[in-house]
Amino acid sequence: MSATVRILPSGHEFDLEPHDTVLEGGLRAGYPVAYGCSNGNCGFCAARLIDGEIEETLHSDFVFSDAEKAENSFLMCANRALGDIVVEAPEALGADDIPLQSLKARVKAVEALSDDVLNVHLRTPRTSRLRFLAGQYVRLGGAGGPTGEYTVASCPCDDRNLHIHIGRRDGAAFSEHAFNGLKANDTVPVEGPWGSFVLAEDRVRPLLFLAFGTGFAPVRSLVEHAMSLDEAKDETTPMLVYWMTEGGGDPYLHNLCRSWQDAFEDIRYTPLACPGGEDDGRRRAWLDLMQRVREEVGDLAGFDVYLSAPEGLHGESREFFNDAGVAGNALHLEPLRQG
Ligand code: FES
């Protein structure tokens, strides 16, 4: 039997599968509920049961005060619902509410997405997951070894999995390490998250994404996060994804984007090739892309725009979208995080 959880004060709702803890269901739905260890130790996932019944699934030594017990406090990571419940629980309202964390992740796989892009699949420890918002970035490495900053390309709703897209880049220490020696079962220090390239909490507008090269990483995370939120709310958000890459051929996750488009009629994906080479060629191709977006979409004023591209393209992009009527707080710009 599945159960529905309603969170106060946000009013967010999600379904739980029978084996889900309240925390697991909230995270899978994409809601930024507070948590830490996922293991009944830290108390960060404490919530109040307002209505309904719950059952402990995990013994915990965490001790609530008498006042907290009297308010029906419980740990979301250590309880499941016995039917529909209403709880009061803290949720992050924005990037500032997410604490800085340090943990050690294990490399599950290093997969070549193309000749010049790797996907590094990391798994965080069961007792020390990374709490982040879709679109944020982390620092990988350290402890005297190579380091680099990269956006998490996966959704926070994807359990303990972190996917990182790493482009080949001479002189970037972590990129060279990833292409030359990183392998399954290695341990990678992870610190973060940082960044405010995240979905607006109160978003109601359709989403327009423009990505250049590995700038697709935050776009993937945001699209998958928006999908999981839509599923929890039984809604659909129109999403347009334009992805420009250099080097010829399809973008490195072309089939994933095609599968989004095939599965959801409100998602439209357009791959574009950039001739590459000199900076001016890249700039002209990007201006052509924005012009094409305006011709295909028409009125852009009603969109939230997320643009992830080299910083050198930001100035003209900002001018273009301002001229097209996109409000300042609806335009989100992110540089490439390449190490
Ligand atoms: S997340 Fe640490 S006790 Fe629940």
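Keep in mind that the numbers below use all heavy atoms, side chains included, and drop hydrogens, waters and symmetry copies. Predicted, not measured: the structure shown is a model, and the values here were computed from it. Numbering of ligands and ligand atoms starts at 1, following listing order.
For Ser221 (side chain) and Pro218 (main-chain N/O), no donor-acceptor pair under 3.5 Å exists by modelled atom type. Under a 3.5 Å cut-off, the side chain of Asp299 and the backbone N or O of Ala301 do form a donor-acceptor pair. For Gln136 (side chain) and Gly195 (main-chain N/O), a donor-acceptor pair under 3.5 Å exists by modelled atom type.
Here the options are Arg129, Arg126, Arg28, the test is side-chain hydrogen bond (donor to acceptor under 3.5 Å, both in side chains), and the partner is Asp159; only Arg129 passes.
Around atom 2 (Fe) of ligand 1, the protein atoms of type N, O or S found under 2.8 Å away are Cys37 SG, Cys42 SG, listed by chain and number.
Ion pairing between Glu13 and Lys233 fails under the 4.0 Å rule for side-chain N and carboxylate O. The residues Arg337 and Glu334 are annotated as salt-bridged, a charged nitrogen and a carboxylate oxygen being separated by less than 4.0 angstrom.
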